[in-house]
Amino acid sequence: MLVKVYASSINFGNLALLTGKPLPVRLAFGLKKPKYRIPGGDIAGVVEAIGKDVTKLQIGNRVYGDLASSGWGAFAEYAAVDEKVLALMPSNLSFTEIAGVPMAGTTALQAIRDIGKVRAGQNVLIHGASGGVGTFAVQIAKALGAEVTAVVSTRNVDIVKSLGADHVIDYKKDDFANDSKTFDVIFGVNGSQSIFTYKKKLKENGVFIHVGGANSQFYQTMLLGPLLSLFGKKKFIPFLQRPNQQDLVFINGLIEEGKVKPVMDRSYSLKEVPKAFQYFEKGHAQGKVIITIE
């Protein structure tokens, strides 16, 4: 399908594609130079043309999705897209609002619901709860009935409270590791804590899921996680989301029910993509950084 792109957003995968860091991502994105010339995974736009095998979507449909499994390329005016990675947009969001949902939203959903298997009554800690993935994780965990503790900096306390977090820890003032409370699921979106700190904070059958943070935390989870998981009941899982049309449909339902809303930090035009990356790389975005295609 040919999609006219109206908006996209920046994710960690875009940054990894351009910088080749951490080093293991070069196996997927190119050893010496980027394998994909046009970055951008998230896409929101209108179907302009369809191929003969397209069966679910039509010309004129407002759609959104994640191109990470389809060659990337969302930072452009038009994109050739496989139907299976797109879903109809929810009726109550604009292109700029929905553009921040695909990769971050499905990452949070798959990690919380599928890997963590979060259910009502469980205690969930989200470390780095104010960024793109974190803001979705707070809301999805709450929608599944969990009691959520969010770890953020001082300036982000009010944001995560407004999203429904039951408890908020300001890491500039308090260390969550010093509290006696333990958790069924810890979702590491950001931070630099040792994997052994998270091990101490997990309940007996708890799960730590890593999707982002300092490189040291990434390597610890990759190398030590399998060993710690093998010799105990606590599990340590490095996680990479997979684009999924059914998950977008599920998120649509949460959005239309008012249980999930995207949080936008700021937007940049297509010409300002370098500036957008410079801001995103600092790691202080409150929600999503959006790219508008004019």
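We use all heavy atoms of the structure for the numbers below, so side chains are in, but hydrogens, waters and symmetry mates are not. Count residues from 1 along the sequence.
Y268 contributes atom OH, which lies 8.0 Å from atom CD1 of I10 (distance to the nearest 0.5 angstrom). Rounding to the nearest 0.5 Å gives a distance of 5.5 Å between CD1 of I195 and CZ of F236. Here Q193 contributes atom CD and K200 contributes atom NZ; the two are 11.0 Å apart, rounded to the nearest 0.5 Å. Atom CG in D265 sits 10.5 Å away from atom CZ in F280 (nearest 0.5 Å).
Judged by distance alone, the side chain of K233 and the main-chain N or O of N205 form no donor-acceptor pair under 3.5 Å. In this structure, the side chain of H127 does not engage the main chain of G188 through any donor-acceptor pair within 3.5 Å. Side-chain atoms of K117 come within 3.5 Å of backbone atoms of D114 as a donor-acceptor pair (strictly under, hydrogens ignored). Distance alone, capped at 3.5 Å, places no donor-acceptor pair between the E48 side chain and the K4 backbone. Although no hydrogens or angles enter the test, the distance criterion places no donor-acceptor pair under 3.5 Å between the side chain of Q110 and the main chain of T107. Put simply, the side chain of K142 never gets that close to the backbone of V148: no donor and acceptor are under 3.5 Å apart. In this structure, the side chain of N244 engages the main chain of D247 through a donor-acceptor pair within 3.5 Å. Here the side chain of E77 pairs no donor or acceptor atom with the backbone of I293 at under 3.5 angstrom. In this structure, Q139 contributes its side chain and G164 its backbone to no donor-acceptor pair below 3.5 Å. In this structure, E257 contributes its side chain and L254 its backbone to no donor-acceptor pair below 3.5 Å.
Nearest heavy-atom pair, F75 versus S8, reported as atom, atom and distance to 0.1 Å: CE2-OG, 3.2 Å. When all heavy atoms are compared, the tightest approach of L202 to K234 is O-NZ, 3.2 Å. The two atoms that bring V133 and A108 nearest to each other are O-CB, 3.8 Å, heavy atoms only. Closest non-hydrogen pair, D42 versus S9, comes out as OD2-OG, 2.5 Å. Closest non-hydrogen pair, T292 versus S267, comes out as CG2-CB, 4.3 Å. The two residues I43 and A79 make their nearest non-hydrogen contact at CD1-CB, 3.9 Å.
Here the side chains of D179 and K201 are in contact, with some heavy-atom distance below 4.5 Å. Proximity of V46 to V3: side-chain heavy atoms (C-beta onward) are nowhere separated by under 4.5 Å. Here the side chains of H210 and F187 are not in contact, with every heavy-atom distance at 4.5 Å or above. The shortest side-chain heavy-atom distance between F176 and T197 falls under the 4.5 Å cut-off. For the pair F208/L228, no side-chain contact is recorded, criterion being any heavy-atom separation below 4.5 Å from C-beta on. Taking the side chain as every heavy atom from C-beta outward, R62 and F95 approach each other to under 4.5 Å. Using a 4.5 Å cut-off on side-chain heavy atoms (C-beta onward), T55 and E83 make contact. Side-chain contact check for V81 versus S70: every heavy-atom pair is 4.5 Å or farther apart.
T106 and Q241 share a side-chain donor-acceptor pair at under 3.5 Å. Counting only N and O atoms by type, the side chains of T154 and D170 include a donor and acceptor under 3.5 Å apart. Residues K288 and N11 have side chains that bring a donor and an acceptor to within less than 3.5 angstrom of each other. Checking Y64 against N252 by side-chain atom types alone, a donor-acceptor pair falls below 3.5 Å.
Other residues, nucleotides and ligands place no more than 12 heavy atoms under 6.0 Å from the NZ atom of K161. In this structure, N92 places its CG atom where more than 12 heavy-atom neighbours from other residues, nucleotides or ligands lie under 6.0 Å away. Around the CZ atom of R155, the shell of radius 6.0 Å holds more than 12 heavy atoms that belong to other residues, nucleotides or ligands.
A salt bridge is absent between D184 and R119: the closest approach of a Lys/Arg side-chain nitrogen to an acidic carboxylate oxygen does not fall below 4.0 angstrom. Between K181 and E147 a salt bridge is recorded (basic side-chain N to carboxylate O distance below 4.0 Å).
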